[in-house]
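The structure appears right after this line, and notes come after that.
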2 protein chains.
Amino acid sequence: MAYRTTPARMDRDEQLRQRILDCALSRVAGGGFASLTMVALADDVGIATGSLYRHFHSKGELAAEVFASASGREVEALREVLRGDGDPATRLARGVRQFAARAWSSRSLAFALIAEPVEAEVDEQRLLYREAYGELFCELLEEGAAQGAFQVAQPRVIAACLVGAIAESLVGPLSPPAWAAREAGRPSVELAVVSDALTTFCLRAVGAKEPHP
Amino acid sequence: MAYRTTPARMDRDEQLRQRILDCALSRVAGGGFASLTMVALADDVGIATGSLYRHFHSKGELAAEVFASASGREVEALREVLRGDGDPATRLARGVRQFAARAWSSRSLAFALIAEPVEAEVDEQRLLYREAYGELFCELLEEGAAQGAFQVAQPRVIAACLVGAIAESLVGPLSPPAWAAREAGRPSVELAVVSDALTTFCLRAVGAKEPHP
DNA sequence: CAAACATCTGAACGTTGGTTCACTTCTTGT
DNA sequence: ACAAGAAGTGAACCAACGTTCAGATGTTTG
């Protein structure tokens with residue numbers, strides 16, 4: 001016997017795997033999933049393309065994992081707020097505002113996660129995570145409905161509506177063309193405007209008693 | 001001189017072009033844009049692949065035209081209703097219901113138009129048509145706001161929210177897996193349920209005075 | 001019918017980008 | 001140090017499709 005997987009080795013493996021994911025995320029955050037190619041990624045990491053396959057079965061798997069980890073963070077942040085303190089309406093308002101703010105602060109990544117056309121394997125993740133957002137809203141809606149803070153007959157459907165409304169209202173302002181316009185000094189909507197309108201929209205839509213801050 | 005483009009020829013050209021578009025639409029309606037390949041399409045039409053290029057510069061152009069014509073029909077139908085008779089809230093309700101019903105009645109095509117991952121050139125069209133829907137809603141919102149039927153401060157943003165809510169709430173139930181579930185006899189949401197919930201959602205969201213039928 | 005020219009054909013080509021694999025370079029345990 | 005075997009390399013390979021083009025087939029006019 002002359003070789004065995006030692007702890008040190010497994011550590012380095014784990015670290016490299018993470019480094020690959022980090023580089024991949026950078027790439028996506030910079031130029032969307034379109035710019036995530038195996039050759040370019042390997043180059044970024046400083047390894048050969050073949051080595052990527054020691055850590056991921058295929059590009060699809062890798063891309064899906066990048067998507068999942070980035071989206072997972074968002075779901076977590078949203079969960080934190082929606083399950084936090086305060087009455088349901090306040091929590092909903094906070095959740096929406098936070099989501100918009102986070103998306104705005106890393107618009108390019110947000111656009112890639114929300115709207116960029118991607119290969120099927122990644123798109124599956126998108127559907128999955130949209131469901132996860134929906135699940136969180138659904139929970140809150142049921143709680144709110146039970147205590148009379150909201151009026152919703154079909155929490156699942158309404159939750160999907162919320163997810164759609166939030167995503168769509170942000171896609172426009174986050175899209176590359178819109179951002180280019182902003183940087184060129186042309187007028188365009190600002191975060192506060194979208195965020196306020198969106199929040200009011202969501203609160204009203206679920207039958208919350210009155211506008212919340 | 002021994003040949004000139006005669007009216008009969010141009011007619012046949014026009015007809016063939018239309019036949020190509022029809023076949024392409026069938027294909028998309030059946031298996032989404034993923035199943036729209038030049039070879040398969042040429043086969044459907046009964047011509048050679050090369051002949052397709054006598055009518056369309058590229059696949060992207062062809063696909064975009066298919067998308068546009070299908071979406072154009074929907075925009076038209078929506079415009080009809082939103083600009084029709086009745087107070088703004090009633091028209092909004094009708095528009096939403098009609099949109100849902102139409103999508104439901106050709107679910108596969110609707111899914112392809114709303115949510116299927118597609119090549120960039122087609123996705124551009126999607127963005128464009130989403131804007132068109134938004135524009136229609138925006139118009140109605142402004143009219144409604146002016147006469148006090150709605151309470152919307154940012155019609156453009158709210159219009160996007162409506163488009164997103166409608167699309168997203170339908171994507172789930174229209175998606176291939178959901179439909180497979182329905183056909184397998186497993187329980188799933190029905191059109192009436194989604195349509196009602198969605199309509200209520202939209203009316204409340206724009207601050208309409210009270211639920212409309 | 002025959003010249004002149006458009007249109008059609010479909011196998012071959014090109015491009016893009018993921019994936020492989022024979023070979024080299026490390027690590028580890030004795 | 002050295003054997004045993006894992007990990008790394010990167011050019012070649014491959015698959016999938018859109019696109020092309022030289023030759024065959026139609027169509028029109030005199």
Side-chain angles (χ1 to χ4, degrees), chain A residues 1-21 23-24 27-28 31-67 116-123, chain B residues 1-21 23-24 27-28 31-67 116-123:
Chain A
M1 183 198 302
Y3 193 102
R4 233 180 318 156
T5 55
T6 179
R9 186 118 276 281
M10 288 169 72
D11 261 15
R12 253 186 296 163
D13 255 33
E14 191 45 49
Q15 274 193 326
L16 180 51
R17 188 189 152 86
Q18 197 51 53
R19 225 168 91 59
I20 293 172
L21 284 174
C23 287
R27 225 147 222 297
V28 173
F33 280 94
S35 75
L36 184 63
T37 69
M38 295 306 254
V39 175
L41 176 58
D43 204 58
D44 282 3
V45 181
I47 61 178
T49 56
S51 302
L52 292 173
Y53 288 84
R54 200 162 294 289
H55 299 271
F56 302 91
H57 272 319
S58 69
K59 185 199 169 170
E61 186 187 312
L62 195 163
E65 195 158 333
V66 171
F67 190 101
E116 187 191 354
V118 293
E119 57 212 289
E121 199 162 348
V122 178
D123 213 60
Chain B
M1 182 198 303
Y3 194 104
R4 234 178 319 154
T5 55
T6 179
R9 188 119 276 284
M10 288 169 72
D11 262 14
R12 254 186 294 165
D13 256 34
E14 191 44 51
Q15 273 192 326
L16 181 50
R17 188 191 151 85
Q18 198 50 53
R19 224 168 94 57
I20 293 172
L21 283 174
C23 287
R27 227 151 220 296
V28 172
F33 281 94
S35 74
L36 184 63
T37 69
M38 296 306 255
V39 175
L41 176 58
D43 204 57
D44 282 3
V45 180
I47 60 177
T49 56
S51 302
L52 293 174
Y53 288 84
R54 199 161 296 287
H55 300 271
F56 302 93
H57 271 318
S58 70
K59 182 195 172 174
E61 186 186 313
L62 195 162
E65 194 158 333
V66 170
F67 190 101
E116 188 191 354
V118 294
E119 58 212 287
E121 198 162 349
V122 179
D123 214 60

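Below, read A as the first sequence line, B as the second, and so on, with proteins coming before strands; counting in each chain starts at 1.
The stretch residues 36-51 of chain A touches DNA chain D through Ile47(A), Ala48(A), Thr49(A), Gly50(A), Ser51(A), each having a heavy atom within less than 4.0 Å of the strand.
Leu21(B) and Glu65(B) make their closest contact through CD1-OE2, 3.6 Å (heavy atoms, listed as atom of the first residue, atom of the second, distance). Listed here is the closest heavy atom pair of Val122(A) and Ala64(A): CG2-N, 4.0 Å. Annotation for His55(A) and Glu61(A): closest pair O-OE2, 4.5 Å, computed over non-hydrogen atoms. Across all their heavy atoms, Ala34(A) and Glu116(A) have their closest contact at N-OE2, 2.9 Å. Ala48(B) approaches Ala42(B) most closely through the heavy-atom pair C-CB, 3.8 Å. When all heavy atoms of Asp44(A) and Arg19(A) are compared, the closest pair comes out as O-NH2, 4.4 Å.
Screening Val28(B), Ile20(B), Leu41(B) for a side chain to side chain contact (heavy atoms under 4.5 Å, CB included) involving Val66(B) leaves a single residue, Val28(B).
Whole-Å rounding puts the Arg54(A) CZ to dT20(C) C1' distance at 12 Å. For the pair Arg17(A) CZ and dG8(D) C1', the interatomic distance rounds to 18 Å; values are reported in whole Å. Distance Leu52(A) CG to dG17(C) P: 16 Å, rounded to the nearest Å. One interatomic measurement links the two molecules: CD of Glu121(B) to P of dG18(D), which rounds to 12 Å at whole-angstrom precision. Taking atom CG on Leu62(A) and atom C1' on dG18(C), their separation rounds to 12 Å, with Å as the unit. Nucleotide dT15(C) holds its C1' atom 15 Å from the NZ atom of Lys59(B), rounded to whole Å. In this entry the distance linking CD of Glu119(B) with C1' of dC17(D) reads 11 Å, nearest Å. As a whole-Å value, the separation of Met10(A) CE from dA7(D) C1' is 15 Å.
Listed pair Arg12(A) / dT27(C) meets the phosphate criterion, a side-chain N or O lying under 4.0 Å from OP1 or OP2.
Looking at the side chain of Asp13(A), the nearest of the listed nucleotides dT19(C), dA7(D), dT7(C) is dA7(D).
Along DNA chain D, the nucleotide nearest His57(B) and the nucleotide nearest Leu16(A) are compared for position; the residue whose nucleotide lies closer to the 5' end is Leu16(A).
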